[in-house]
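First up is the structure itself, then whatever we jot down about it.
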Amino acid sequence: MPGCAATFSVDESLAACPKCGNLLDVLYDWDRLSVPPSLAALEGKWGRRADPRCFSGVWRFHDFLPFARPDQCVTIGEGQTLLHRADSVGRYVGMQPGGLFLQYEGMNPSGSFKDNGMAAAFTHGRMIGATQAACASTGNTSASLSLYCSVTGLMKAVIFVGSGKIAKGKLSQALDFGALTLEIAGDFDDAMARVQDVSRQLGMYLVNSVNPFRLEGQKTIMYRVLEALRWQVPDWIVVPGGNLGNSSSFGKAFFELAQLGLIDRMPRLAVINATGAKTLFELYEEQGVRWNGGHPDLSAVEAHNERMSAEGRRASTIASAIEINRPVNLTKCFRALEWTDGVVRHLGDQEILDAKAQVGTGGMGCEPASAASVAGARLLVAEGVISPEARVVCILTGHQLKDPGATVAYHSTDQKHFDEVLGSRGVRRAAFANRAVAVSNDVDEIIRAIRLYS
Ligand code: F0G
């Protein structure tokens, strides 16, 4: 925090400032580093794809996260992701053609944006000689950590998940990659608290986004968005908000580029909560808590947490990736919102799943939490906050196959199954369902069905 201003060496492993207890930030002495003269100057790396540090969508931007020497950087080929112009999803959102773009982070090796941050955290973990790495997770961080451990063999993964709280696709990854998987009797917020206690006691390297190096890697998602837009800054970045690592790192990415004179304006950031997990919305939009030049009203945050405890309030949404009521990066997110004149909104599971179905038919497909960005953009256009003429980038954070359960239930013809999985969460209808057609095992019947339904 600016008021504390303690500094620590890059060789230390700290999840919080030992002096003030707040989050740590990675700061660079840009004057002593070689910074490219323009963003376009980075394009020279495109022709050097045989060099893993240029192939990686994280490390080709090493100039902006130079905490490790290039030869120390760990990569498994993360960040080969694309920005797609998505006009049909744009129509749904209420945008003009050419205005809506989807940044598809599901193309990462473990199927989510987490690999961007994991490449950086792993690099730091290796620098300091860590042999065991831990995280709490709603499923994607744990999948990513487990993958980096299995591919590189550099560390052993210990993951903490809320029992029954992570989608099967994600759990199957951690199990398959060989991670020690602890199913805690509780939810993500419980697992997050426990992993911090336990990793302190056992000296395990923590890769959750309290680790500031994780966030350095996630800045590169924004560099790739700029790259795809030929270095033009979009008007809006819309991102789902869970533990608030992405939103924090996106703000830092743009702030630093502006500091370096490499961009001439900031985009606006919209962070989208699920209605069943809307701590950020309540604090920022309802109670008006702000970064306030580094002096946020932490007593308001404390009081909010106590209220949730007293009421026994637990996060609850089909978008299990963002089913989080106590986001660890809250203060950094306030800072990002200040830098970007940001807004926060929340959407129910109905809106999130409808948006997800639209992404499926007109985009690359995504898991429920990712679709919160599209649902959020739609709400902000309807409110008149985002102009239909704007250029908007929604971040699709995770792959469609991470949570097939939600998708199949949405499109199901089986009302009982629909009610069990979605009705219990207040989802009443599947406006964009694509129902499978049941036919008998007979060529004429099959042909009749195709003629009837195509
Ligand atoms: N989308 C997906 C697919 C996620 O997995 C997460 C977070 C988010 C959005 C929220 O991002 O935390 O940066 O605000 N997943 C974490 C996990 C919590 O454990 O995998 P955030």
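Whatever order the structure lists ligands and atoms in, that order sets their numbers, starting from 1. The structure displayed is predicted, hence computed values, not measured ones.
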Could you check whether N140 and K402, counting side-chain N and O atoms only, form a donor-acceptor pair closer than 3.5 Å?
yes

Residues R313 and E282 bridged, charged N to O under 4.0 Å
yes

Below 4.0 angstrom, N of the basic side chain to O of the carboxylate: do D190 and R314 qualify?
yes

I'd like to know if the side chain of S56 and the backbone of P52 have a donor-acceptor N/O pair within less than 3.5 Å.
no

Using distance alone, determine whether T397 and ligand 1 share an N or O pair under 3.5 Å.
yes

Is there a polar contact, in the sense of an N or O pair closer than 3.5 Å, between G241 and ligand 1?
no

Heavy-atom nearest neighbour in the protein, as seen from atom 15 (N) of ligand 1, with distance rounded to 0.1 Å
K114 NZ, 3.0 Å

Is N243 close to ligand 1, meaning an N/O of one under 3.5 Å from an N/O of the other?
yes

Backbone or side-chain N or O of S247 under 3.5 Å from ligand 1 N or O
no

D189 and R194 ion-paired at < 4.0 Å:
no

Polar-atom distance check: T141 versus ligand 1, any N or O pair below 3.5 Å?
yes

With atoms numbered from 1 as shown, which atoms in ligand 1 lie under 4.0 angstrom from a non-hydrogen atom of E367?
3 (C)

Element-labelled atoms of ligand 1 that are located less than 4.0 Å from some non-hydrogen atom of S137:
17 (C), 19 (O), 20 (O)

Should you measure from each heavy atom of A321, which atoms of ligand 1 turn up under 4.0 Å away?
2 (C), 3 (C), 4 (C), 5 (O), 6 (C), 7 (C), 15 (N), 18 (C)

If we set the cut-off at 4.0 Å for heavy atoms, which region of I322 has an atom near ligand 1: side chain, backbone, both, or neither?
side chain

Considering only protein heavy atoms, which is closest to atom 18 (C) of ligand 1, and at what distance to one decimal place?
T138 OG1, 3.4 Å

How far is atom 11 (O) of ligand 1 from the closest protein heavy atom, and which atom is that?
F113 CZ, 3.7 Å

Have a look at ligand 1 and work out which part of I324, if any, has a heavy atom under 4.0 Å from it: side chain, backbone, both or neither.
side chain

Using side chain to side chain contact (heavy atoms under 4.5 Å, CB included) as the criterion, list what pairs up with E256, not counting sequence neighbours.
Y28, W30, K219, Y223, K252, Q259

What do you reckon, does G245 have a nitrogen or oxygen under 3.5 Å from a nitrogen or oxygen of ligand 1?
yes

For the 3.5 Å polar cut-off, considering only N or O atoms, please tell me whether N246 and ligand 1 meet it.
yes

Under-4.0 Å heavy-atom contact with ligand 1, by part of Q218 that carries it
neither

Which of the numbered atoms in ligand 1 are under 4.0 angstrom from any heavy atom belonging to N140?
2 (C), 3 (C), 4 (C), 5 (O), 20 (O)

Is E227 salt-bridged to R60, going by a charged N under 4.0 Å from an acidic O?
yes

Please determine whether a side-chain nitrogen of the Lys or Arg among D235 and R391 lies less than 4.0 Å from a carboxylate oxygen of the Asp or Glu.
no

Would you kindly specify which portion of K402 sits under 4.0 Å from ligand 1, judged on non-hydrogen atoms: side chain, backbone, both or neither?
neither

Under a 4.0 Å threshold between the charged nitrogen and the carboxylate oxygen, would E383 count as salt-bridged to R345?
yes

Using the side-chain contact (heavy atoms from CB on, under 4.5 Å) rule, take F188 and T138 through it: C-alpha gap first, then chi angles, then the decisive distance, then the call.
CA-CA 6 Å; F188 173 83; T138 54; 3.6 Å; yes

Would you say the side chains of E105 and N108 form a donor-acceptor pair under 3.5 Å?
yes

D87 with R85: basic N within carboxylate O range, under 4.0 Å:
yes

of all protein heavy atoms, closest to atom 21 (P) of ligand 1 is L244 N, 3.4 Å

